[in-house]
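The structure appears right after this line, and notes come after that.
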2 protein chains.
Amino acid sequence: MLMINPSLKTLINLAKVQAVIARRFDRLNMHGIGFTEFVILYLLQQSEEGKARRIDLADKIGITASGITRMLLPMEKIGLVTREANERDARVSYVVLTPAGKQLFTDAEKTANTLALEIMPAKESKDITSLTNILAKLGGNIT
Amino acid sequence: MLMINPSLKTLINLAKVQAVIARRFDRLNMHGIGFTEFVILYLLQQSEEGKARRIDLADKIGITASGITRMLLPMEKIGLVTREANERDARVSYVVLTPAGKQLFTDAEKTANTLALEIMPAKESKDITSLTNILAKLGGNIT
DNA sequence: GTAAAATCATTGAGTAGTCAAGTATATGTT
DNA sequence: AACATATACTTGACTACTCAATGATTTTAC
């Protein structure tokens, strides 16, 4: 029985915990969207102008450029976001939050908050702070 | 700009960090296996008899029964694991680690350990302990 | 000012899962 | 003993990504 180091063991548990949590969120099926889509709406809503470059969204949520293209396709189709060109750089295509997208986020946010508190109750604030700090060191920089 | 609660924000960062780490592990392409397959080999190797029920493996790594069936198929095909019946319960089919599977784990473990230490250096032992404890509360019970 | 290198986004092909439904067996209830 | 419920696993159909390659544009270096 080979031993593995504590770092690796921790990363294995991180993967497990995340898998279970992700499934719980996705099963909520919040107003028709999944967890990643919810995070995209959150980031757009939270940005100054309600828009962002595709590559920046991808980096923030930790998926690839290809992944963001594919996630956004159905979201554009159902009208949660639209496309906008950048006048100074023709390579860039902004993702813009629509009023419908903003409204859906507002609704979904309530459901998501409830589940999040079920998983990590506010009274565990020490753990929440501690976890946030560790995740920040690991690249979790979403504010 | 709607605020979301700290618990939810933490879970969003957890998802991001995990996505990035998972991709790093999978890109290693450790001797032909991915991260989840590595964890399956680890759990089998670490078990008393080098075998486990499918459902128990699934629960431990946080995927569904369906998911474990699909993960194991190619692993059986390349001979890392085999199947064994349970005499007392015909519903059960054990997953058994083969010598080839054990050998591959031994090799892959070195690569995985190195990357894990790159992500969470051993000198951050306080963080590792702290993260392990928090993950344990969230259901991360792999030892 | 042109060539080389970098960046942004998309596409084709594939993988690692999901859920819902189904099969087989076992267990609990009366 | 019979019937209902629960458990273990698999399958069909799907989703949410991945990588590698490509096209288009911009930036950098000479």
Side-chain angles (χ1 to χ4, degrees), chain A residues 15-16 18-30 32-41 51-78 80-96, chain B residues 15-16 18-30 32-41 51-78 80-96:
Chain A
K16 186 256 174 83
Q18 165 58 16
V20 172
I21 292 177
R23 211 161 51 245
R24 270 183 88 175
F25 269 102
D26 283 338
R27 289 200 80 151
L28 279 183
N29 202 12
M30 300 175 280
I33 60 171
F35 187 67
T36 306
E37 284 158 304
F38 174 78
V39 177
I40 292 172
L41 294 182
K51 68 181 182 188
R53 300 192 317 160
R54 282 163 153 66
I55 189 69
D56 294 336
L57 279 182
D59 285 349
K60 273 193 185 144
I61 68 185
I63 65 175
T64 61
S66 171
I68 199 79
T69 295
R70 301 207 130 100
M71 288 302 299
L72 289 171
L73 265 169
M75 296 179 75
E76 290 178 57
K77 203 176 277 178
I78 62 175
L80 302 178
V81 298
T82 48
R83 220 165 248 275
E84 190 180 295
N86 177 331
E87 340 177 303
R88 310 208 172 161
D89 190 338
R91 290 169 306 181
V92 169
S93 140
Y94 282 115
V95 187
V96 188
Chain B
K16 186 254 174 83
Q18 165 57 17
V20 172
I21 292 177
R23 211 161 50 247
R24 271 183 88 176
F25 269 101
D26 283 338
R27 289 199 80 152
L28 280 183
N29 201 13
M30 299 175 283
I33 61 171
F35 186 66
T36 306
E37 284 159 304
F38 174 77
V39 177
I40 292 172
L41 295 182
K51 69 182 179 184
R53 300 192 316 159
R54 284 162 151 68
I55 188 68
D56 294 335
L57 279 181
D59 284 350
K60 274 194 184 142
I61 69 186
I63 67 177
T64 61
S66 171
I68 199 79
T69 295
R70 301 208 130 100
M71 289 300 301
L72 290 171
L73 265 168
M75 297 178 73
E76 289 178 59
K77 203 177 279 178
I78 63 176
L80 303 178
V81 297
T82 48
R83 222 165 246 276
E84 190 181 297
N86 177 331
E87 339 176 305
R88 311 208 173 163
D89 189 338
R91 291 169 305 180
V92 169
S93 138
Y94 283 115
V95 186
V96 188

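These numbers come from a predicted model, not from an experiment. By convention in this document, chain letters (A, B, ...) are assigned in the order of the sequence lines, proteins followed by strands, and residues within each chain are numbered from 1.
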Could you tell me the separation between the CD1 atom of A/I68 and the P atom of C/dT11, rounded to a whole number of Å? 15 Å

Tightest non-hydrogen contact, residues B/A19 and A/G62, listed as CB-O, 3.4 Å

Which nucleotide, C/dA20, C/dA9, D/dA8, lies nearest any side-chain atom of A/R27? C/dA20

Give me each pair satisfying side chain to side chain donor-acceptor pair (under 3.5 Å) with a member in residues 62-71 of chain B, each pair once, sequence neighbours excluded. none

Please report the distance, rounded to the nearest Å, between CD in A/E84 and P in C/dC8. 17 Å

Specify the residue among A/A19 and A/D56 whose closest nucleotide of DNA chain C lies further upstream toward the 5′ end. A/D56

Taken in chain and number order and not counting sequence neighbours, the residues that satisfy side chain to side chain contact (heavy atoms under 4.5 Å, CB included) with A/L28 are A/F25, A/M30, A/T111, A/L115

Qualifying residues under side chain to side chain contact (heavy atoms under 4.5 Å, CB included), relative to B/A22, sequence neighbours excluded: B/Q18

Taking side chain to side chain contact (heavy atoms under 4.5 Å, CB included) as the test, write out the residues that go with B/I61, two or more places apart. B/T36, B/V39, B/I40, B/L43, B/I63, B/I68

Quantified as the angle between the terminal helix axes (five pairs each), what is the overall bend of the helix from C/dG1-D/dC30 to C/dT30-D/dA1 to 10 degrees? 40°

For the pair made of CG in B/L28 and C1' in D/dT18, what is the distance, rounded to whole Å? 15 Å

Sequence neighbours left out, what passes side-chain hydrogen bond (donor to acceptor under 3.5 Å, both in side chains) with A/K60? Give chain and number order. none

For a quick test of reading the model: is some side-chain N or O of B/R53 closer than 4.0 Å to OP1 or OP2 of D/dC9? no

Walk me through whether A/I33 and A/M75 qualify under side-chain contact (heavy atoms from CB on, under 4.5 Å). CA-CA 9 Å; A/I33 60 171; A/M75 296 179 75; 5.8 Å; no

Test of understanding: with side-chain hydrogen bond (donor to acceptor under 3.5 Å, both in side chains), list the residues that count as partners of A/D26, not counting sequence neighbours. none

Euclidean distance, atom CZ of residue B/F25 to atom C1' of D/dC19 [Å, nearest integer]: 19 Å

All heavy atoms of A/A85 vs all of A/Y94, minimum pair found to be O-CD1, 4.0 Å

Kindly write out the residues that satisfy side-chain hydrogen bond (donor to acceptor under 3.5 Å, both in side chains) with A/R91, not counting sequence neighbours, or none if the list is empty. A/D89

Spacing of A/L73 atom CG relative to C/dA9 atom P, expressed in whole Å: 14 Å

Taking only nitrogen or oxygen atoms into account, show me every contact under 3.5 Å that the protein makes with nucleotides 21-29 of chain D, one pair per line with its distance.
from: D/dT26; atom 1: OP1; to: A/A90; atom 2: N; distance (Å): 3.0

Separation of C/dT15 atom C1' from B/L72 atom CG, nearest Å, is 15 Å

For the pair made of CD1 in A/I61 and C1' in D/dC17, what is the distance, rounded to whole Å? 11 Å

A/E76: side chain to side chain contact (heavy atoms under 4.5 Å, CB included) partners, not counting sequence neighbours: A/R54, A/L72, A/V81, A/R83

Name all residues meeting the side-chain hydrogen bond (donor to acceptor under 3.5 Å, both in side chains) criterion together with A/N29; count only those two or more places apart in sequence or in a different chain, and write none if there are none. none

Just checking A/T69: base, sugar-phosphate only, or nothing, at a heavy-atom cut-off of under 4.0 Å? base

N/O to N/O distances under 3.5 Å, protein versus nucleotides 13-16 of chain D:
from: D/dA13; atom 1: N6; to: B/R70; atom 2: NH1; distance (Å): 3.3

For atom CG of B/L57 and atom P of D/dA8, their distance in whole Å: 13 Å

